[in-house]
Protein chains: 2
Amino acid sequence: MSEPTGLRARKKERTRDAIGDAAVSLFLERGFDRVSVNDIAAAAEISKPTLFRYFPTKEDLVLHRFADHQGEAARVVRDRRSGIEPVTALHRHFRAGLDRYDPVTGLNDHPEVVAFHRLVFTTPSLAGRLTRYQLEDEEALADALGEGIQARLRAAQVLAVQRVLARTNWQKIADGRTADAVHPEAVADADQAFNQLR
Amino acid sequence: MSEPTGLRARKKERTRDAIGDAAVSLFLERGFDRVSVNDIAAAAEISKPTLFRYFPTKEDLVLHRFADHQGEAARVVRDRRSGIEPVTALHRHFRAGLDRYDPVTGLNDHPEVVAFHRLVFTTPSLAGRLTRYQLEDEEALADALGEGIQARLRAAQVLAVQRVLARTNWQKIADGRTADAVHPEAVADADQAFNQLR
DNA sequence: ATGACCGAGTTGCTTTTTTAACCGAGTAAC
DNA sequence: GTTACTCGGTTAAAAAAGCAACTCGGTCAT
């Protein structure tokens with residue numbers, strides 16, 4: 001099930017986590033542009049070149065948490081059981097995310113998670129780069145859906161729906177409500193949105 | 001006072017400590033020859049060649065704690081204030097060690113320390129290698145004391161005295177007495193032994 | 001407007017570590 | 001007696017990390 005992790009791989013993963021965690025915690029503490037990459041490298045106890053070997057840009061230090069979900073939509077469509085509509089598969093997947101309060105659904109009231117979302121959405125360079133990630137995600141989904149303009153449109157619409165749903169959930173939670181309390185309407189919203197998509 | 005530790009030096013020191021600690025704790029747990037160097041490397045999360053780059057032999061994984069005191073006697077003699085006899089300086093230094101319950105004086109009842117001493121003295125290959133360390137220590141002390149056979153003899157006698165004192169203290173503690181309780185006689189023994197040396 | 005500084009990212013070189021394979025001695029199986 | 005282990009210790013090649021010095025764009029003083 002799990003690969004026989006060698007020493008090398010294990011340490012690399014740990015270093016990556018250490019850098020990412022140090023970066024996010026510093027960003028949350030002082031804000032994105034009040035923290036230099038030197039600060040992060042120092043906190044993670046690695047050198048600057050090493051930092052950039054793990055993350056191509058400063059922005060990616062934040063966005064790797066989204067990047068981990070990169071291509072997820074496309075994969076869901078590709079891996080669906082035969083006889084299932086793509087939109088249905090995506091709908092179920094999103095709903096499953098809701099049920100386990102996956103941060104990407106916006107339905108998560110852990111203080112760190114909500115602070116993290118605020119960080120991303122209120123820092124222009126981050127929001128900017130995030131849309132770039134979403135574009136790639138969209139293309140991958142389009143390819144999974146088929147060819148031509150039709151597939152592109154569908155992909156764009158699906159991801160737009162997911163963005164709106166996540167944003168809505170996050171907003172409610174930012175207003176002070178708990179994830180548990182919001183969950184029912186989040187499910188209802190998702191059902192309505194995905195059904196309209198069909 | 002402390003050198004400006006770079007990243008490299010800091011990590012090296014940490015690795016060395018990790019290896020040494022892992023080794024000693026495994027040895028105390030299962031005995032010297034029931035632990036392979038592979039086990040130690042695995043516990044310290046480093047590879048076998050790396051282990052041997054830090055410690056030349058398996059024995060040194062235990063004895064580095066003594067090695068850290070390597071040449072201490074010689075240094076004490078060299079750094080003594082003018083007008084002070086070498087033996088006096090060594091006597092005071094040993095006594096100071098007693099007062100702070102330095103493990104090398106044998107006067108320390110921390111369970112880990114006493115178990116550690118038992119490990120060293122009851123494992124032949126360790127005891128053997130330990131005498132080699134002591135030989136080097138003796139030579140260094142001889143050089144600090146002067147030249148010729150006279151200095152050598154003095155050095156040998158001093159170190160023999162220290163060994164006997166440490167061994168005696170350890171034995172009393174191994175018999176179940178506390179370091180506090182043994183301290184007065186330890187001091188008396190030391191005074192007598194060093195005075196006889198003069 | 002110029003020069004000094006700071007921060008993101010890069011480059012070239014060196015040191016450290018991993019990996020896998022090996023050696024040589026001991027030892028248990030058969 | 002040969003075979004096949006285990007264990008201490010070594011070797012060579014390749015990956016990873018450290019370090020210092022650099023580029024390049026901006027910002028701020030003078």
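Just so it is clear: chains get the letters A, B, ... in the order the sequence lines come, proteins before strands, and each one is counted from 1. Atom set for the values below is all heavy atoms of this structure, side chains included, hydrogens, waters and symmetry mates excluded. What you see is a predicted model, and the numbers here were worked out from it, not measured in a lab.
If you measure from atom CZ of Phe52(A) to atom C1' of dC22(D), you get 14 Å, rounded to the nearest angstrom. Separating the CD1 atom of Ile40(A) from the P atom of dG9(C) is a distance of 10 Å, rounded to the nearest angstrom. For the pair Leu51(B) CG and dT10(D) P, the computed distance is 11 Å after rounding to whole Å. Across the protein-nucleic acid pair, Arg129(B) atom CZ and dG9(D) atom P stand 8 Å apart, rounded to whole Å. Between the CD atom of Glu13(B) and the P atom of dT17(C) there is a distance of 13 Å, given to the nearest Å. Straight-line distance from the CZ atom of Arg14(B) to the C1' atom of dT17(C): 16 Å, rounded to whole Å. Atom CZ of Arg16(B) and atom C1' of dT16(C) are 15 Å apart (whole Å). In this structure, CZ of Arg10(A) is placed 14 Å from C1' of dT19(C), rounded to the nearest angstrom.
With hydrogens and angles ignored, no donor-acceptor pair under 3.5 angstrom links the side chain of Lys58(B) to the base of dG9(D). At a cut-off of 3.5 angstrom, counting only N and O atoms as typed in the model, there is a donor on one side and an acceptor on the other between the side-chain of Arg53(A) and the base of dA17(D).
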*Would Asn108(B) and Asp102(B) count as a side chain to side chain contact (heavy atoms under 4.5 Å, CB included) if you check the C-alpha gap in whole Å, the side-chain angles of each, and the deciding distance to 0.1 Å?*
CA-CA 7 Å; Asn108(B) 188 304; Asp102(B) 189 321; over 6 Å; no
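Regarding contacts with the backbone of dG18(D), a side-chain N or O of Thr50(A) is found under 4.0 angstrom from either OP1 or OP2. The shortest distance between the side-chain N/O atoms of Ser47(B) and the OP1/OP2 oxygens of dT19(C) is not below 4.0 Å.
Proximity of the aromatic rings of Tyr133(A) and Phe66(A) is defined here by a centroid distance below 6.0 angstrom, and this criterion is not met. A centroid separation of 6.0 Å or more is found between the aromatic rings of Tyr54(B) and His64(B).
No more than 12 heavy atoms of other residues, nucleotides or ligands sit less than 6.0 Å from atom CZ of Arg118(B).
Of the possible donor and acceptor atoms, none in the side chain of Asp60(A) sits under 3.5 Å from a partner among the backbone N and O of Pro56(A).
Comparing Lys11(A) and Lys48(A) by the nucleotide of DNA chain C whose heavy atom lies nearest to each, the residue mapping closer to the 5' end is Lys48(A). Two residues, Leu7(A) and Lys12(B), neighbour DNA chain C, and the one matched to the more 5' nucleotide by heavy-atom proximity is Lys12(B). Between Asn38(B) and Pro49(B), the residue anchored nearer the 5' end of DNA chain D, judged by the nucleotide with its closest heavy atom, is Asn38(B).
Each of dG9(D), dA17(D), dT17(C) was ranked by its minimum atom distance to the side chain of Tyr54(B); first place goes to dT17(C).
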